[in-house]
Visitor: 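Below: one structure in structure tokens.
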Amino acid sequence: MAKRPILVAPDPRLKAVAQDVAKVDGEIRRLVDDMLETMYAADGIGLAAVQIGVAQRVVVMDIDQKDGKRNPRVFINPAILWASDELATFEEGCLSVPDIWEEVERPAAIRAEYLDRDGRKQTVEADGLLADCLQHEMDHLNGVLFIDHLSRLKRSIALRKLAKAKKQKETA
Ligand code: GNR
Ligand code: NI
């Protein structure tokens, strides 16, 4: 396994629309393992392949890490089958938008289908953090960041903050 660098906005590669995985083979499983290592090392609860510059529809997630226990989840070619009319608000952050946290409103519950790491078709019914995180990750596969859901003013404040942090890092 290898940890890979995470892209930070406004990197244009984060805007790529990722392609469907044609076959879940050893190469994809290696990608999944690298993504899990990268996500855990960065203390994230999810990661989309797009965030490491791989434009394929692969997502890893672990929303119940505590006491060092791990429950890694893998979603390949995820697609939403149903979304509730009811909305829920979560405070979101993103490894590609560091140090910015804002509330985002999304459907409270979803049903999705995907392939697991053995290439088998699965469906999942999700609410709460799982539903929120899955929608956040599926957005990445379509080149969308959580700040794209904010008002124009909030988004431009966030982007300015990112640019400033980047500049400070470069001159440090
Ligand atoms: O680590 C993450 N935390 C998080 C918190 C609330 C809603 C979504 C997320 S996902 C984020 C990791 C990430 O950037 N995934 O793309
Ligand atoms: Ni993210």
Side-chain angles (χ1 to χ4, degrees), residues 1-19 21 28 31-80 83-84 86-110 112 114 117 124-151 154-155 157-159 161-163 165-166 169:
M1 291 218 276
K3 203 176 77 160
R4 312 230 203 142
I6 296 173
L7 305 179
V8 173
D11 192 305
R13 287 169 289 177
L14 290 168
K15 299 255 180 201
V17 175
Q19 296 207 322
V21 170
I28 292 295
L31 171 65
V32 162
D33 290 343
D34 284 0
M35 287 171 61
L36 283 166
E37 185 173 340
T38 303
M39 177 189 78
Y40 285 122
D43 270 328
I45 61 170
L47 188 74
V50 169
Q51 292 177 275
I52 56 166
V54 176
Q56 300 223 58
R57 304 188 84 81
V58 178
V59 164
V60 297
M61 205 182 291
D62 190 340
I63 55 163
D64 23 41
Q65 318 167 44
K66 47 181 170 234
D67 318 322
K69 278 218 192 111
R70 290 180 173 184
N71 181 21
R73 300 175 198 247
V74 177
F75 302 93
I76 298 167
N77 299 345
I80 289 184
S84 64
E86 189 196 335
L87 303 175
T89 301
F90 277 85
E91 180 153 86
E92 297 194 14
C94 180
L95 294 171
S96 297
V97 189
D99 300 322
I100 290 168
W101 292 85
E102 292 287 350
E103 287 191 337
V104 179
E105 196 175 49
R106 302 179 186 273
I110 57 169
Y114 62 97
R117 65 171 288 140
V124 61
E125 308 223 354
D127 61 10
L129 183 59
L130 180 59
D132 184 68
C133 194
L134 200 47
Q135 291 175 84
H136 173 116
E137 302 309 339
M138 288 172 71
D139 268 357
H140 276 300
L141 302 182
N142 294 324
V144 174
L145 299 173
F146 84 92
I147 52 173
D148 297 327
H149 292 284
L150 306 178
S151 70
K154 280 198 172 168
R155 184 169 57 249
I157 290 170
L159 287 169
K161 228 167 126 181
L162 275 178
K166 194 173 178 192
K169 218 174 131 194

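Order of listing sets the numbers, starting from 1, for every ligand and every atom in it. Computation of the quantities below employed the complete heavy-atom set of this structure, encompassing side-chain atoms and omitting hydrogens, waters and symmetry-equivalent molecules.
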Visitor: Any donor-acceptor pair under 3.5 Å linking the side-chain atoms of Gln51 with those of Ser96?
Guide: yes
Visitor: Check for a donor-acceptor pair, side chain of Asp148 on one end and backbone N or O of Leu145 on the other, with a separation under 3.5 Å.
Guide: yes
Visitor: Just to verify, which of Arg106, Gln135, His149 counts as forming a side-chain hydrogen bond (donor to acceptor under 3.5 Å, both in side chains) with Glu92?
Guide: Arg106
Visitor: Between ligand 1 and the protein, find all N/O pairs closer than 3.5 Å and give the distance for each.
Guide:
residue: ligand 1; atom: 1 (O); partner: Ile45; partner atom: N; Å: 3.0
residue: ligand 1; atom: 14 (O); partner: Gln51; partner atom: NE2; Å: 3.3
residue: ligand 1; atom: 14 (O); partner: Leu95; partner atom: N; Å: 2.8
residue: ligand 1; atom: 15 (N); partner: Gly46; partner atom: O; Å: 3.1
residue: ligand 1; atom: 15 (N); partner: Glu137; partner atom: OE1; Å: 3.3
residue: ligand 1; atom: 15 (N); partner: Glu137; partner atom: OE2; Å: 2.7
residue: ligand 1; atom: 16 (O); partner: Gln51; partner atom: OE1; Å: 2.8
residue: ligand 1; atom: 16 (O); partner: Gln51; partner atom: NE2; Å: 3.4
residue: ligand 1; atom: 16 (O); partner: His136; partner atom: NE2; Å: 3.2
residue: ligand 1; atom: 16 (O); partner: Glu137; partner atom: OE1; Å: 2.7
residue: ligand 1; atom: 16 (O); partner: Glu137; partner atom: OE2; Å: 3.0
residue: ligand 1; atom: 16 (O); partner: His140; partner atom: NE2; Å: 2.9

Visitor: For Asp33, is there any backbone N or O sitting under 3.5 Å from a side-chain donor or acceptor partner on Glu37?
Guide: no
Visitor: Is there a donor-acceptor pair closer than 3.5 Å between any side-chain N or O of Thr89 and the backbone N or O of Glu103?
Guide: no
Visitor: Is a side-chain N or O of Asp62 found less than 3.5 angstrom from the main chain of Asn71, in a donor-acceptor match?
Guide: yes
Visitor: How close do Ala41 and Lys3 get, counting heavy atoms only, and between which atoms?
Guide: CB-CD, 3.3 Å
Visitor: Has the side chain of Arg57 got a donor or acceptor atom that lies under 3.5 Å from a matching backbone atom of Leu141?
Guide: yes
Visitor: Using 2.8 Å as the cut-off, note every protein N, O or S atom close to the Ni ion (ligand 2).
Guide: Cys94 SG, His136 NE2, His140 NE2
Visitor: Treating Asn142 as the side-chain partner and Val144 as the backbone partner, does any N or O pair qualify as donor plus acceptor under 3.5 Å?
Guide: no
